[in-house]
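Worksheet: one structure, shown below.
The sequence lines fix the lettering, A, B, ..., with proteins before strands; numbering per chain opens at 1.
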There are 2 protein chains.
Amino acid sequence: MDVFSQHGFRGSTLDQIAKAAGLSKPNLLYYFPSKVAIHRELIDGLMQTWLDPLRKMQADGEPVEEILAYVLRKLEMAREYPRESRLFANEIVQGAPNIMDKIEGELKELVDEKAEVIENWITAGRIAPVDPYHLIFSIWATTQHYADFDAQIRGILHPEGDSHFEAARAHLDTLFRRMLTP
Amino acid sequence: MDVFSQHGFRGSTLDQIAKAAGLSKPNLLYYFPSKVAIHRELIDGLMQTWLDPLRKMQADGEPVEEILAYVLRKLEMAREYPRESRLFANEIVQGAPNIMDKIEGELKELVDEKAEVIENWITAGRIAPVDPYHLIFSIWATTQHYADFDAQIRGILHPEGDSHFEAARAHLDTLFRRMLTP
DNA sequence: CGCAGGTTTGACCATTTGGTCAAGAGAACC
DNA sequence: GGTTCTCTTGACCAAATGGTCAAACCTGCG
């Protein structure tokens, strides 16, 4: 995870991975059949963790709070699992060659479902009208940005550790609360 | 640009680049001394174009409209120059090894300057209070997302060509207008 | 034409890299 | 102790890759 998330698939070598795992290269290939297999395993494990917060957005909750809770959970994930976020980002930026099936399947299904939930909230006048898909994209973009573009953010803010995440939390809370409150 | 933006630095080969440029490999290396030199040249040229829209955000304009114009210009760039955006994204996700100096120099300077402009607008009560840095991060995140995560967005929306950009424009306009209107 | 400049390329090289293999440790069970 | 099964590794291989070089190919000019 360390190696792939930092260098991308092509940029990572088996030697690097083996060293990071404390194994010799042949030993690594004793547990995994190939480099792509290691990568696939990481991505597969990731997909579930990644979609979980969105799954937890319940139609029967208080709409604004449900969505806000999703935003904050996603931000928390960007802080806790930046490597996972970057692994994912690397993959998508390069055209998602290995996970397009998951995107068009599992992910699209879930997003379609939640978009309908949001649509219903709008119809019921419980949140302000928004394009549910683009709302979700905005949530992904703003939260994952803190993991994926970490290098840039640190280069500008020079924060101590993760201290800037509190300001990020407050900012995103305000941003989406204002957007959604009817 | 095609090759580097799609595969990242390590993932691109001189053969690929030469072929895309319609040159033989030795001929390519007749014009550029090395692979890194090609990459550096692309990134250098990019940096200016990239910062330009932010530079154009003028302190003496109407605050909300100035910021909104910046958002839309940035979104327009994501549509017009997705390769450039992805080249940049690839670089930052991997820790910005080649451009950290520019980020901590040129970029930070400009952002600090504009953050102060925004701060002054807030003090004058002309826009709602926000953390100017995180506002800028949100703008970068939401707009570049349409270029960097293009594969994901297309996998979910299946738009015809760039047809989804109009909805994106409307969505981001609403999002930031609500955020900023006092 | 001859020749001097820049331009283009096939062949080549050293290194890196994904992956194999046979042989050697350990552990477990008889 | 011996045997078997799992685990580990040094040595090796073929392909890919960044880069070199000498020779060939223009193109303009006297």
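- The NZ atom of A:Lys19 sits 15 Å away from the P atom of C:dG18 (whole-angstrom rounding).
- Hydrophobic clustering (ILVMFWY, side-chain heavy atoms < 4.5 Å, transitive): A:Val93 and A:Leu107 are in distinct clusters.
- The aromatic rings of B:Phe165 and B:Tyr146 sit tilted relative to each other, their planes meeting at an angle between 30° and 60°.
- Atom P of nucleotide C:dT17 and atom CD of A:Gln16 are separated by 7 Å, given to the nearest angstrom.
- Atom CG in A:Leu14 sits about 4 Å away from atom P in C:dG18, given to the nearest Å.
- Residues B:Thr13 and A:Ser24 both approach DNA chain D. Their nearest nucleotides, taken by heavy-atom distance, put A:Ser24 toward the 5′ side.
- Annotation: of the two residues near DNA chain C, A:Ser12 and A:Pro26, the 5′-most nearest-nucleotide partner is A:Ser12.
- Between A:Asn27 and D:dT9 there is a side-chain polar atom (N or O) within less than 4.0 angstrom of OP1 or OP2.
- To the nearest angstrom, C1' of D:dG19 lies 12 Å from NZ of B:Lys35.
- Taking atom CZ of B:Phe9 as the reference point, atom P of D:dT17 lies 13 Å away to the nearest angstrom.
- Taking only side-chain nitrogens and oxygens, B:Tyr30 never comes nearer than 4.0 Å to OP1 or OP2 of D:dT20.
- A parallel orientation is assigned to the rings of B:Phe4 and B:Phe9, their planes being inclined by less than 30° (bins at 30° and 60°).
- Residue B:Arg10 has no polar side-chain atom (N or O) positioned under 4.0 Å from OP1 or OP2 of D:dA16.
- Between B:Arg177 and B:Glu65 there is a salt bridge, since a side-chain N of the basic residue sits under 4.0 Å from a carboxylate O of the acidic one.
- The CG atom of A:Leu28 sits 12 Å away from the P atom of C:dT20 (whole-angstrom rounding).
- Under a cut-off of 6.0 angstrom, the local environment of CZ in B:Arg40 is sparse, with at most 12 non-hydrogen atoms contributed by other residues, nucleotides or ligands.
- In this structure, B:Lys25 atom NZ and D:dG18 atom C1' are separated by 6 Å, rounded to whole Å.
- In this structure, A:Tyr31 reaches the sugar-phosphate backbone alone: every heavy-atom distance under 4.0 Å involves primed, P, OP1 or OP2 atoms, never a base.
- Taking atom CG on A:Asp15 and atom C1' on C:dG19, their separation rounds to 11 Å, with Å as the unit.
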